Asks: 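One structure, pasted below without further comment.
Any value given below was found using the heavy atoms of this structure, including those in side chains, with hydrogens, waters and symmetry copies removed. Residue numbers start at 1 and run along the sequence shown. On a predicted model such as this, the values are computed, not experimentally measured, just so you know.
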Amino acid sequence: MNNREKLLEIKQLLDEKILFLKSKKITESNPLVMFQIDKEMEAAEAEQEDIIQQLESISLLKKSKYLYSALLKLGYKDQILAFKKFVRSQSIAAFLIHGYPDYGQRWLLNRLVTQHIDDGTSSKVLPVELHRIGRRNDISTLWRELGGRCGLRRHSTPEDMVNRVYQWWQTQNVVLIFHDVDCMPDNYLQQLIQEFWIPVATQARQAASPQRKYRLLMFLVDYEGCVGTRETLFVEKIEPNWEARIPVKLPVINQFCEHELNEWLDTVEMEFDELPLIEAVSQTNDLVQEILENSDNGVPELAFSEICDRCMCNWYEAKDRWLKL
């Protein structure tokens, strides 16, 4: 018996108890007994209300997971195909995820890690938030932040961080995530790659073997769409002389187009027919146009928000539950 079934059973017993107390009160004339009945009813009704709220929470969570599964099928095909092509042949690589604000960079990051990396959810994940430190003029703030995330002391060197990450990689997948690289001066990002990523990738590459199948991946996440213009830092496709130490620029994230949304709605109708969105599909032939109009012509996160609204779900609350990275 699952939790929902247990709660339903308890609720049924409470319903019966409250009904019994109400009928008992009708025939009771003793004031003291009536007072006791009232108190019992108050306690039972309070417990009943609590059970109802728990059942509603379970129902909302179930609908939320259902909607999340549906949204995971919308968009980002170019980025996912490019990523899968790389990781199919490479276990050590760095990637730039980039696009304009609200284009779902963090959503794509979570998709790549949770859906397309073996044991991605149980990997050693090291997230670094750069927006707090990126505008400072001292590179030591970056190393201090990264060292702290690595569990090292305050004055640790980049070499210490390289060694720590390499040690982790000996026994598990390691996923390094640098959020808000758009906040960093060009020379900071270059130093991060030269003094941290290249040494650890080179060391891991030299030790890699068919028996050692753990992945070492780094994601640089640009939320402003400006880092991808730094051509000298990235490659876009694997050339014969490509090395794992050179970060790969995934295709830039674009707005959702009419064709993508139509394809997705066809999938939703076939696989997720319990979503409230399906009722909207049957009521109007212009649903895709309405989504585009209400999302600044297909800005991904605005489109997600519009779709969630139509499924009676708050995108901004839901994404905090859905996005773990």
Side-chain angles (χ1 to χ4, degrees), residues 2-5 7 54-84 87-88 95 97 99 102-123 125 127 173 175 177 217 219 221 250-251 253-284 287-288 290-292 294-295 298-325:
N2 60 35
N3 189 42
R4 181 176 179 276
E5 290 171 341
L7 289 172
Q54 289 185 57
L55 286 167
E56 287 177 351
S57 295
I58 290 172
S59 177
L60 287 173
L61 185 60
K62 182 180 178 181
K63 290 177 181 176
S64 174
K65 288 180 177 178
Y66 198 59
L67 175 58
Y68 175 59
S69 297
L71 290 175
L72 286 175
K73 295 182 177 289
L74 174 56
Y76 304 100
K77 285 185 179 179
D78 292 342
Q79 295 79 19
I80 290 170
L81 287 173
F83 178 77
K84 288 171 68 175
V87 297
R88 194 177 295 124
F95 300 92
I97 295 174
D102 298 322
Y103 273 45
Q105 290 89 326
R106 188 167 167 231
W107 177 268
L108 174 59
L109 167 70
N110 278 261
R111 280 187 66 170
L112 296 179
V113 174
T114 59
Q115 289 190 305
H116 303 289
I117 298 176
D118 296 337
D119 300 320
T121 54
S122 60
S123 301
V125 177
N173 290 338
V175 178
I177 302 170
L217 302 176
F219 293 94
V221 190
L250 294 176
I253 302 171
N254 293 310
Q255 294 163 285
F256 295 149
C257 66
E258 184 176 347
H259 175 70
E260 278 181 303
L261 286 165
N262 274 315
E263 270 194 341
W264 179 72
L265 283 176
D266 288 342
T267 301
V268 167
E269 283 194 90
M270 292 182 64
E271 299 180 22
F272 302 93
D273 55 1
E274 293 180 23
L275 283 180
L277 193 68
I278 299 305
E279 185 177 344
V281 173
S282 64
Q283 290 175 347
T284 175
L287 179 59
V288 167
E290 290 176 14
I291 292 172
L292 289 172
N294 293 325
S295 63
V299 172
E301 290 199 33
L302 302 185
F304 287 144
S305 179
E306 176 69 13
I307 291 167
C308 285
D309 285 347
R310 291 171 179 272
C311 292
M312 295 171 289
C313 175
N314 185 303
W315 158 250
Y316 298 96
E317 292 177 359
K319 71 175 181 177
D320 290 338
R321 295 192 302 271
W322 294 337
L323 304 184
K324 306 300 182 184
L325 304 176

Asks: Only counting residues at least two apart or in another chain, list the ones meeting side chain to side chain donor-acceptor pair (under 3.5 Å) with E263.
Replies: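 Scan of E263 (side chain to side chain donor-acceptor pair (under 3.5 Å), adjacent residues dropped) gives K77, H259.
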
Asks: As an exercise, state the distance from CZ of R106 to CG of L323, rounded to the nearest 0.5 Å.
Replies: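 Taking CZ in R106 and CG in L323, the distance rounds to 4.5 Å.
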
Asks: Restricting to non-hydrogen atoms, name the atom on N110 and the atom on T114 that form the minimum distance, rounded to 0.1 Å.
Replies: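 Heavy atoms only, the tightest pair is O-OG1, 2.5 Å.
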
Asks: For the ring pair (Phe, Tyr, Trp, His ring centres under 6.0 Å) test, which of W315, F304, W107 pairs with Y68?
Replies: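 Exactly one option meets the ring pair (Phe, Tyr, Trp, His ring centres under 6.0 Å) with Y68, and it is W107.
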
Asks: Between W322 and K65, is the side-chain contact (heavy atoms from CB on, under 4.5 Å) condition met? List the steps.
Replies: CA-CA 8 Å; W322 294 337; K65 288 180 177 178; 5.8 Å; no

Asks: For the atom pair CD1 (I307) and CG (L287), what is the distance rounded to the nearest 0.5 Å?
Replies: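 Atom-to-atom, I307:CD1 and L287:CG are 8.0 Å apart.
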
Asks: Going by heavy atoms in the side chains, are L112 and V87 under 4.5 Å from each other?
Replies: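 No - every pair of side-chain heavy atoms lies 4.5 Å or more apart.
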
Asks: Taking S305 for its side chain and E301 for its backbone only, find out whether a donor-acceptor pair lies under 3.5 Å.
Replies: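 The answer is no, because no donor-acceptor pair under 3.5 Å joins these two groups.
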
Asks: Kindly compute the distance separating CG (N294) from CG (L302), expressed to the nearest 0.5 Å.
Replies: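 The distance works out to 10.0 Å.
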
Asks: Flag the pair I253 / I97 as yes when at least one side-chain heavy-atom distance between them is below 4.5 Å, and no otherwise.
Replies: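 In contact.
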
Asks: Show the nearest heavy-atom pair for residues V175 and S123, with the distance to one decimal.
Replies: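 The pair with the smallest heavy-atom distance is CG2-CB, 4.0 Å.
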
Asks: Taking all non-hydrogen atoms of both residues, which atom of E271 and which atom of Y66 are closest, and how far apart?
Replies: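 Answer, listing the atom of E271 first, then Y66: O-OH, 3.7 Å.
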
Asks: Return the minimal non-hydrogen interatomic distance between P300 and N254, and the atom names on each side.
Replies: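 That would be CG-O, 3.7 Å.
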
Asks: Report the distance from atom CD1 of I291 to atom CZ of R310, rounding to the nearest 0.5 Å.
Replies: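 Answer rounded to 0.5 Å: 6.0 Å.
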
Asks: Hey, could you give me the CG/CD1 distance between N173 and I117, rounded to the nearest 0.5 Å?
Replies: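 CD1 of I117 is found 7.0 Å from CG of N173.
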
Asks: F256 and Y76: aromatic ring centres closer than 6.0 Å?
Replies: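 They qualify: ring centres under 6.0 Å apart.
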
Asks: Just how far is it from atom CG of L261 to atom OG of S295, taken to the nearest 0.5 Å?
Replies: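 Atom-to-atom, L261:CG and S295:OG are 7.0 Å apart.
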
Asks: Could I get the full list of ring-ring contact (aromatic ring centres under 6.0 Å, His included) partners for F219, not counting sequence neighbours?
Replies: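 By the ring-ring contact (aromatic ring centres under 6.0 Å, His included) rule, F219 matches F83, F95.
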
Asks: Strictly distance-based, threshold 3.5 Å: is any side-chain N or O of Q105 a donor or acceptor partner for the main-chain N or O of G99?
Replies: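 Such a contact is found between Q105 side chain and G99 backbone.
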
Asks: Checking E269 side chain against D266 main chain: does a donor-acceptor pair fall under 3.5 Å?
Replies: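 Not a single qualifying donor-acceptor pair exists.
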
